[in-house]
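Encoded as structure tokens, the structure appears first; notes follow it.
Keep in mind it's a predicted model, so treat the numbers as computed, not measured. Hydrogens, waters and symmetry mates play no part in the numbers below; they use all other heavy atoms, side chains included.
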Amino acid sequence: MDRYLVFGHPVRHSKSPFIHTLFARQTQQELEYGLAEPAIDEFAHALRTFFDQGGKGCNVTVPFKEQAFTLVDRLSPRAKRAGAVNTIKLTDDGVLLGDNTDGAGLVADLKSHGVTLADSRILLLGAGGAARGALAPLLAELPSELVIANRTYAKAQQLAAEFCDLGPVTAQTYEQLAGPFDLVINSTSASLQGELPPLAPALINTDIAIYDMMYGASDTAFISWAKQHGARQTMDGLGMLVEQAAEAFTVWRGIRPGTKQVLRELKRNLGVI
């Protein structure tokens, strides 16, 4: 039976085995999917050993995505742009192909919620790896403008400069931000600590859509804050998790699983519904 893993540290909380087991059942694919939590300095060895012992593919999560980028034999265009790898496939000719499905998962989830990206004005909070992975897929949807805001302005400037060939992307400080925006995406990890990005409440209105890449059994701090200030539509990153997994499954197996029922099952598993 074909073997797949998710590498991370920590990773025991990962819902990837749950998701991919449902995908395999749905598409009648014979595979098993497990967890691997190597020490930080043992990831490269663990990755090689997995594929030497017959592994077919893996997902890679924090903190190994940038390291995986340097360990594969070939990179997909979107992995090159993201500067990080979250999906690896052993090809039929023995090549380790590194891909990044995070941004595609984000865009697919936004569309599933009916969010219009074309000609929209988007605010992206944060300039780390999550933001980097999202930029190219978001710009491919042809927004009117994409503004990056980050606590460290220089990092936002650097990111905007790297992606300006793909579309109208600029950097601003939080103090410079002026609305209206159609969509605000929080790519920072602030919600994990129950904290908020320093966003002015005046930027939130009833016509805005709010997306937090983090998720939990209840509203994240950012989503709760946005609702308090009148946001009409709020979404967390649980759908993105399922959609990026579906994209990875397609890379590995050549068949696209459905996501709606799997997302419902995941919410039930987490106690969200």
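- His45 NE2: 12 or fewer foreign heavy atoms inside a 6.0 Å radius.
- For Pro257 against Ala246, the heavy-atom pair with the smallest separation is CD-O, 3.8 Å.
- The ring of Phe64 has its center no closer than 6.0 angstrom to the ring center of Phe7.
- Atom CD of Glu30 sits in a sparse spot, with 12 or fewer heavy atoms from other residues, nucleotides or ligands closer than 6.0 Å.
- You'll find the side chain of Met214 stays beyond 4.5 Å of the side chain of Asp236, heavy atoms only.
- Between atom CD of residue Gln233 and atom CD1 of residue Ile223 there is a gap of 10.5 Å, rounded to the nearest 0.5 Å.
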Worked check of side-chain contact (heavy atoms from CB on, under 4.5 Å) between Leu241 and Leu263:
CA-CA 9 Å; Leu241 175 69; Leu263 180 57; over 6 Å; no

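- Listed here is the closest heavy atom pair of Thr188 and Pro197: OG1-CG, 4.3 Å.
- Residue Ala79 comes nearest to Leu75 through the heavy atom pair CB-CD2, 4.1 Å, listed as atom of the first residue, atom of the second, then distance.
- Remark: the backbone N or O of Lys155 is not paired with any side-chain donor or acceptor of Thr152 at under 3.5 angstrom.
- Within the model, atoms CD1 of Ile88 and CG of Leu97 stand 9.0 Å from one another, a figure rounded to the nearest 0.5 Å.
- Ile255 and Leu31 fall within a single hydrophobic cluster, where Ile, Leu, Val, Met, Phe, Trp and Tyr side chains are chained together by heavy-atom contacts under 4.5 Å.
- The side-chain heavy atoms of Pro17 and Leu35, taken from C-beta on, include a pair separated by under 4.5 Å.
- Heavy atoms of other residues, nucleotides or ligands lying less than 6.0 angstrom from CG of Asp93 number more than 12.
- Cluster membership check: Ile19 does not share its hydrophobic cluster with Leu5, using side-chain heavy-atom separations under 4.5 Å among Ile, Leu, Val, Met, Phe, Trp and Tyr.
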Test salt bridge (charged side-chain N to carboxylate O under 4.0 Å, His left out) on Glu243 and Arg256; report intermediate values, then the result.
CA-CA 10 Å; Glu243 293 291 350; Arg256 179 104 192 168; 3.7 Å; yes

Under the side-chain contact (heavy atoms from CB on, under 4.5 Å) criterion, do Glu32 and Asp2 qualify, and how do the steps go?
CA-CA 6 Å; Glu32 60 180 32; Asp2 291 346; over 6 Å; no

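- Note that CG of Asn186 and CE of Met235 are 12.0 Å apart. Values are rounded to the nearest 0.5 Å.
- Note that CD1 of Ile185 is 10.5 Å distant from CG of Asp212, once rounded to the nearest 0.5 Å.
- Counting only heavy atoms from C-beta outward, the side chains of Ile204 and Ile210 approach each other to under 4.5 Å.
- The distance from atom CD1 of Ile122 to atom OG of Ser144, rounded to the nearest 0.5 Å, is 8.0 Å.
- In this structure, Glu37 contributes its side chain and Val11 its backbone to a donor-acceptor pair below 3.5 Å.
- Side-chain atoms of Ser187 come within 3.5 Å of backbone N or O of Leu125 as a donor-acceptor pair.
- A continuous path of hydrophobic side-chain contacts links Phe69 to Phe51 [ILVMFWY only; heavy atoms under 4.5 Å].
- For Lys15, there are no salt bridge (Lys or Arg N to Asp or Glu O under 4.0 Å) partners at least two apart in sequence or on another chain.
- Checked by atom type and distance alone, the side chain of Asp109 pairs as donor or acceptor with a backbone atom of Met240 at under 3.5 Å.
- Screening Lys89, Arg253, Lys56 against Tyr4 for a side-chain hydrogen bond (donor to acceptor under 3.5 Å, both in side chains) leaves a single residue, Arg253.
- Seen from the ring of Tyr33, Arg3 does not count as a face-on cation partner, given the 6.0 Å and 45° thresholds.
- No donor-acceptor distance shorter than 3.5 angstrom exists from the side chain of Gln53 to the backbone of Phe50, with no hydrogens or angles considered.
- Using a distance-only test at 3.5 Å, with no hydrogens or angles considered, no donor-acceptor pair links the side chain of Asn150 to the main chain of Tyr153.
- Put simply, the side chain of Thr91 gets close to the backbone of Val95: a donor and an acceptor are under 3.5 Å apart.
- For the pair Phe181/Ser120, no side-chain contact is recorded, criterion being any heavy-atom separation below 4.5 Å from C-beta on.
- In this structure the side chain of Ser76 never reaches within 4.5 angstrom of the side chain of Thr87, judged on heavy atoms.
- Within the 4.5 Å cutoff, the side chain of Val169 has heavy atoms near those of the Ile148 side chain.
- Proximity of Leu199 to Phe222: side-chain heavy atoms (C-beta onward) are separated by under 4.5 Å at one or more points.
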Apply the test side-chain contact (heavy atoms from CB on, under 4.5 Å) to residues Cys58 and Val6: give CA-CA distance (whole Å), side-chain angles for both, the deciding distance (0.1 Å), then the verdict.
CA-CA 5 Å; Cys58 66; Val6 55; over 6 Å; no

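- Ring geometry for His20 against Phe249 counts as parallel: the plane angle stays under 30°, on a 0 to 90° scale with 60° as the upper cut.
- Salt-bridge annotation for Arg78 and Asp99: present, with a side-chain N of the basic residue lying under 4.0 Å from a carboxylate O of the acidic one.
- The two residues Leu166 and Ala136 come nearest to each other via the heavy atoms CD1-CB, 3.8 Å.
- Phe43 and Val72 fall within a single hydrophobic cluster, where Ile, Leu, Val, Met, Phe, Trp and Tyr side chains are chained together by heavy-atom contacts under 4.5 Å.
- What you find for Ala149 and Leu177 is that their closest heavy atoms are CB-CD1, 3.9 Å.
- Closest heavy-atom contact between Ser14 and Ser16: OG-N, 3.1 Å.
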Before giving the answer on side chain to side chain donor-acceptor pair (under 3.5 Å), spell out for Asn86 and Thr101 the whole-Å C-alpha distance, their side-chain angles and the decisive distance to 0.1 Å.
CA-CA 7 Å; Asn86 81 328; Thr101 65; 3.1 Å; yes

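- Put simply, Val85 and Trp252 are part of two different groups of oily side chains (I, L, V, M, F, W, Y) that touch within less than 4.5 Å, one to the next.
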How far apart are the C-alpha atoms of Val147 and Arg121, what are their side-chain angles, what is the distance that settles it, and do they pass the side-chain contact (heavy atoms from CB on, under 4.5 Å) test?
CA-CA 8 Å; Val147 178; Arg121 190 164 185 250; 4.3 Å; yes

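- Between Arg81 and Glu162, no side-chain nitrogen of the basic residue sits less than 4.0 Å from a carboxylate oxygen of the acidic one, so the salt-bridge criterion is not met.
- Residues Leu96 and Leu90 have side chains in contact (heavy-atom distance under 4.5 Å, counting atoms from C-beta outward).
- Judged by distance alone, the side chain of Thr116 and the main-chain N or O of Ala118 form no donor-acceptor pair under 3.5 Å.
- The structure places OH of Tyr211 at 10.0 Å from CG of Leu183, a figure rounded to the nearest 0.5 Å.
- Side-chain atoms of Thr21 do not come within 3.5 Å of backbone N or O of Phe18 as any donor-acceptor pair.
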